[in-house]
Amino acid sequence: MSADLSFYIVTLLVYASVAVIGCWGLDVQYSDTGLLNLSYIVSVAVGGYAVALLSLGPPEDETGTVVQEYFWGADLPFPLPFVGAVLAGMLISLPIGLVALRRLRSDYQAVAMLSVALIASALVVAVPGMLGGGHGLYLIPAPLKEELGLKSAEYSWVYAAFAVLLTALAGWVVLRISRSPLWRVLRAVRENPEAADAIGVNVTSVRLTAFAVGNGLGALSGAVLASFIGTYAPADWSYQETLILMGAAIVGGAGNRFGVLMGALLLPVGLAEATRYLPQFGAPGTVDALQFVVVGLVIIGFLWWRPQGVFPERKRTFDIDGNPVPFYAKQGATR
């Protein structure tokens, strides 16, 4: 296998892992709980910046010369930067969630979340000393690369395996949620928050829980991406990226974990790769802009003709004790 083909496959594996983890986190919020989080990409950015700050060390070198502009840095051993990134994504959910989820109804929540995404991006660019401004952070160390002593080509496969392992871990988390009593509480809040509140469910607490779990997964996806490319800047997390992740959930099948996985592979990964082979035309950036146009048209098309997605959400039945009823029992069949 040539070096170029090897790097291309590794890149696809890592980007697919990033997309799937991110889409699963958004699915917990949007599909399970009914939260229209248009600031989801902010949690992804928090993960990317957090893993950088926890890996780069102080912004000054041994002589006191400022190498990069950022407010603080540490040099923690693997895997603490990734753990810190997930925790940072979950912690950022508290101030945002308390403002946007407590008293605002769903449409105003969406506007508030979009405002958060726009404010965060503008703030990072306007204050270069905080997170590197528009240039972002760079020279982010690859985890365990020096310790393993591998060549770049060999290490890239190790990192791809690590990304796939994290995807499997994220899949285990979301599947555990969908098979636990918490899932039924989330659905109750999604379907009728007033009725859920009437029977004693703390709607705000439930929403904050789903918000934190989803943002934690989003931060994990950002950390995987930033450590792979070695840099992270505002251009990597424009607010339109949330549209692509949400479109993946809609196309694949919101509420269906496998469907969301397939949607993540089709839209963020498949569509992005397809645009690489389009001939360049018009002004610079026209082809890249068309990606968002196509995503928007695909979302509108699915919402109009197949809102349940390619793999619809699976309907479930529970007995009087709250245990799932097997499919063969629902059909009246026997083993």
Side-chain angles (χ1 to χ4, degrees), residues 3-4 6-19 21-22 41-89 91-92 120-166 218-238 241 272 288:
D4 292 339
S6 175
F7 181 73
Y8 180 73
I9 295 175
V10 166
T11 303
L12 282 182
L13 286 174
V14 174
Y15 274 73
S17 300
V18 169
I21 295 173
I41 197 63
V42 174
S43 67
V44 178
V46 167
Y49 283 121
V51 79
L53 293 176
L54 295 175
S55 305
L56 283 169
E60 304 88 5
D61 59 13
E62 292 80 2
T63 63
T65 304
V66 176
V67 180
Q68 298 186 60
E69 288 187 298
Y70 49 90
F71 70 96
W72 174 84
D75 185 14
L76 300 182
F78 176 84
L80 293 182
F82 288 88
V83 175
V86 173
L87 293 177
L91 288 175
I92 199 67
S121 178
L123 183 64
V124 170
V125 174
V127 186
M130 183 169 60
L131 294 170
H135 297 290
L137 303 179
Y138 50 92
L139 300 178
I140 301 173
L144 295 180
K145 186 174 183 179
E146 295 183 359
E147 290 81 353
L148 294 175
L150 299 175
K151 297 180 180 178
S152 296
E154 297 171 339
Y155 174 78
S156 63
W157 282 102
V158 173
Y159 192 87
F162 171 64
V164 172
L165 178 62
L166 289 180
L220 178 61
S221 70
V224 173
L225 177 62
S227 295
F228 178 68
I229 62 179
T231 181
Y232 205 74
D236 299 316
W237 55 282
S238 60
E241 297 293 336
D288 295 333

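Since the model is a prediction, treat every value here as computed from it, not as a measurement.
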Look up atom [atom1] in [X] and atom [atom2] in [Y], then write down how far apart they are to the nearest 0.5 Å.
| X | Y | atom1 | atom2 | result |
| --- | --- | --- | --- | --- |
| Trp72 | Met130 | CH2 | CE | 15.0 Å |
| Ser43 | Ile41 | OG | CD1 | 7.0 Å |
| Glu241 | Asp236 | CD | CG | 8.5 Å |
| Thr231 | Leu139 | OG1 | CG | 8.0 Å |
| Leu131 | Tyr70 | CG | OH | 11.0 Å |
| Leu54 | Asp75 | CG | CG | 10.0 Å |

Taking all heavy atoms of [X] and all of [Y], pick out the closest pair and write down the distance.
| X | Y | value |
| --- | --- | --- |
| Ala50 | Ala85 | CB-CA, 3.8 Å |
| Pro141 | Ser55 | CG-O, 3.5 Å |
| Ser156 | Val10 | O-CG1, 3.3 Å |
| Val224 | Val14 | CG1-CG1, 4.3 Å |
| Ile140 | Ala226 | CD1-O, 3.9 Å |
| Pro81 | Pro77 | CD-O, 3.2 Å |

Look only at the side chain of Ser238 and the backbone of Ala235, and say whether a donor-acceptor pair between them is shorter than 3.5 Å.
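No; zero donor-acceptor contacts below 3.5 Å.
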
Strictly distance-based, threshold 3.5 Å: is any side-chain N or O of Gln68 a donor or acceptor partner for the main-chain N or O of Tyr138?
yes

Is any side-chain heavy atom of Ser152 closer than 4.5 Å to one of Lys145?
yes

Within the structure provided, determine whether Ile229 and Tyr15 are in side-chain contact (heavy-atom separation under 4.5 Å).
yes

Is there a side chain to side chain contact (heavy atoms under 4.5 Å, CB included) between Trp237 and Val44 once you walk through the steps?
CA-CA 8 Å; Trp237 55 282; Val44 178; 5.7 Å; no

Check the pair Trp157, Leu13 against side chain to side chain contact (heavy atoms under 4.5 Å, CB included), reporting the backbone distance first and the verdict last.
CA-CA 9 Å; Trp157 282 102; Leu13 286 174; 4.0 Å; yes

Does Glu146, at its CD atom, have more than 12 non-hydrogen atoms belonging to other residues, nucleotides or ligands within less than 6.0 Å?
no

Mark yes when over 12 heavy atoms from residues, nucleotides or ligands other than Phe71 sit less than 6.0 Å from its CZ; otherwise mark no.
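Check passes, neighbour count above 12.
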
Are Phe162 and Phe228 close enough that their ring centers fall under 6.0 Å?
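No; Phe228 has its ring centre 6.0 Å or more from that of Phe162.
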
In chain order, what residues pass the side-chain hydrogen bond (donor to acceptor under 3.5 Å, both in side chains) check against Tyr232, with sequence neighbours excluded?
none

Please identify each residue that fulfils side-chain hydrogen bond (donor to acceptor under 3.5 Å, both in side chains) with Thr11, with sequence neighbours left out.
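Listed in chain order: nothing, the list is empty.
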
Could you work out, with side-chain contact (heavy atoms from CB on, under 4.5 Å) as the rule, every residue matching Ser227, not counting sequence neighbours?
Val51, Phe82, Pro143, Tyr159

